[in-house]
Amino acid sequence: MKKGNELRPHIGIYGRRNYGKSSLINKITKQDIAIVSDIAGTTTDIVRKAIEIFQIGPVVMIDTAGIDDIGELGKLRVQKTLESLDLIDFAILLIAYNTFDEIEKNLITEFKNRNIPFIIVHNKSDIESLSPDLKNKLEQNYNVPVIDCSTKNDDLQSLIDLLKLYIPESAFKTPNVIGNIVNPGSIVLLITPIDSEAPEGRLILPQVQTIRDVLDNDSIAIVCKETEAEQVIKTISPEPSLVITDSQVFSFVNNIIPEHILLTSFSILLASKKGEFNYYVKGTPYIDELKDNDKILILESCTHEVTCDDDIGRVKIPRWLSEYTGKKLEFKIVSGLENIKNINDYAMVIQCGGCVVTRKQLELRLRPAIDAGIPVSNYGMTIAYTKGIFKRAIQPFVKN
Ligand SMILES: Nc1nc2c(ncn2[C@@H]2O[C@H](COP(=O)(O)OP(=O)(O)OP(=O)(O)O)[C@@H](O)[C@H]2O)c(=O)[nH]1
Ligand SMILES: [Mg+2]
């Protein structure tokens with residue numbers, strides 16, 4: 001499935017066929033986005049729509065196929081619906097006709113397994129309103145709000161108010177880590193090589209996001225290529241408090257930036273915004289333990305033509321890791337949300353910066369590896385490690 005809109009909370013709607021999931025999406029978005037019909041199984045594919053909810057801001061709504069679908073194709077649809085749980089920050093469980101049994105219970109178990117907050121919406125109240133007994137029972141059992149509505153008659157304002165209240169702030173606010181490192185007014189020097197692999201006419205997403213973070217922190221961003229970096233360092237006054245470089249020129253930049261100036265890379269910065277920073281810090285030194293024939297799983301989150309330099313995961317990291325360890329290593333690259341099979345076969349997992357995915361998505365992506373006790377690292381930290389500058393590169397994020 002295509003990803004993107006990494007800063008928007010993703011809200012998924014789940015429930016049985018024909019209960020009004022698509023109607024609900026249309027009502028919330030005030031648009032005819034999803035096909036609605038009285039034939040059960042109308043929605044067969046995941047439908048995503050970026051919308052703006054007043055006071056929450058931009059979100060992505062995800063409509064899914066009914067969780068009770070049957071037959072060969074139906075089972076595949078249910079599987080797709082369950083896979084979409086790895087994308088979302090918040091779920092709406094839609095019920096109707098006061099029906100709540102194993103199907104709904106299992107869905108809630110799936111939400112809970114992934115720490116997905118949710119609310120329960122009883123629809124079609126114009127046909128049968130939510131019984132006070134069921135409402136009480138659900139509210140007590142699950143400790144979540146349960147509301148009654150009709151997508152046919154109601155304006156759903158109370159649902160939108162609930163969403164505002166219940167969507168966790170962490171789903172739409174990414175921490176501004178620059179603010180934890182430097183004071184407002186400080187100069188931050190960003191080093192971005194422009195070589196043949198750089199995308200034509202633009203900067204890649206992690207660089208753009210970092211510039212925005214620097215500005216949000218009322219700091220000053222100076223951007224140059226590595227070829228001008230030494231000159232910039234010598235001429236600007238006061239000197240930069242922090243230098244953020246593209247990992248690929250880490251060694252070079254490490255040599256020209258005086259030791260007392262903090263230095264890190266775009267992807268390590270990203271790892272501290274989202275992802276599993278502490279696990280990466282713990283997992284990266286495992287590089288020294290790698291043995292011949294160990295398998296390394298490289299996870300890249302994006303369709304790279306959009307954002308990243310795919311060469312890093314596919315060519316450079318394998319090369320640098322092999323050179324550094326002197327071992328014969330095997331690499332497997334998995335992109336996007338492609339299924340990861342046999343996680344226990346891997347000695348180590350290395351994740352990209354994840355600039356196009358939400359924090360939650362990255363967290364869920366790495367969970368199987370972390371649960372299996374497999375060391376995880378990320379692109380920036382792995383590169384820093386193989387270049388002997390790991391300690392310096394994570395120093396800005398280590399609390400003294
Ligand atoms: N009376 C009444 N009918 C509704 C309500 N909400 C939806 N419907 C009708 O229920 C039928 C199914 O609605 P959909 O929105 O397509 O349901 P869905 O859950 O998306 O169904 P699938 O895509 O098949 O899983 C349509 O005929 C809707 O018009 C409601 O609140 N009241
Ligand atoms: Mg539908």
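Heavy-atom basis, side chains included; hydrogens, waters and symmetry copies ignored. Order of listing sets the numbers, starting from 1, for every ligand and every atom in it. All values derive from a computational prediction rather than experimental measurement.
- For atom 7 (C) of ligand 1, the closest heavy atom belonging to the protein is S23 OG, 3.3 Å.
- Ranking the protein heavy atoms by distance from atom 26 (C) of ligand 1 puts S37 O, 3.4 Å first.
- Between the K135 side chain and the V146 main chain, a donor and an acceptor come within less than 3.5 Å of each other.
- Looking at N254, its side chain never comes within 3.5 Å of a backbone N or O of F250 through a donor-acceptor pair.
- The protein non-hydrogen atom at the shortest distance from atom 25 (O) of ligand 1 is K21 NZ, 2.8 Å.
- Distances from the Mg ion (ligand 2) show that T42 has no N/O/S atom below 2.8 Å.
- Using modelled atom types, no side-chain atom of N123 and backbone atom of A96 make a donor-acceptor pair closer than 3.5 Å.
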### Query
side-chain hydrogen bond (donor to acceptor under 3.5 Å, both in side chains) between N293 and E330: does it pass, once the steps are laid out?
CA-CA 6 Å; N293 303 320; E330 242 183 84; over 6 Å; no
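- Judged by distance alone, with hydrogens and angles left aside, the side-chain atoms of E104 form a donor-acceptor pair with the main-chain N or O of D101 at under 3.5 Å.
- From the protein, the heavy atom lying nearest to atom 21 (O) of ligand 1 is N18 N, 2.9 Å.
- Atoms of ligand 1 lying under 4.0 Å from at least one heavy atom of A40, given by number and element, are 24 (O).
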### Query
For N143 and E139, what are the C-alpha separation, side-chain angles and deciding distance, and is it a side-chain hydrogen bond (donor to acceptor under 3.5 Å, both in side chains)?
CA-CA 5 Å; N143 200 19; E139 283 179 341; over 6 Å; no
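- No side-chain donor-acceptor contact under 3.5 Å links N106 and E110.
- Between the side chain of D292 and the backbone N or O of K328 there is at least one donor-acceptor pair closer than 3.5 Å.
- For the Mg ion (ligand 2), the N/O/S atoms of T43 include one lying under 2.8 Å.
- With respect to atom 9 (C) of ligand 1, the closest heavy atom belonging to the protein is K124 NZ, 4.0 Å.
- Nearest non-hydrogen protein atom to atom 29 (O) of ligand 1 is V36 CG1, 3.8 Å.
- The aromatic ring centres of Y166 and F118 sit 6.0 Å or more apart.
- At a 3.5 angstrom cut-off on N or O pairs, T64 does not count as close to ligand 1.
- Taking atom 17 (O) of ligand 1 as the reference point, the nearest protein heavy-atom neighbour is G20 N, 3.1 Å.
- Annotation: S125 places no N or O atom under 3.5 Å from an N or O atom of ligand 1; distance criterion only.
- Between the side chain of N378 and the backbone N or O of A271, no donor-acceptor pair lies under 3.5 Å.
- Between I39 and ligand 1 there is a heavy-atom distance shorter than 4.0 Å.
- Between atom 24 (O) of ligand 1 and the options A34, S22, G41, the minimum heavy-atom separation is to G41.
- The nearest protein atom to atom 6 (N) of ligand 1, hydrogens excluded, is given as T151 OG1, 2.6 Å; this is a heavy-atom distance.
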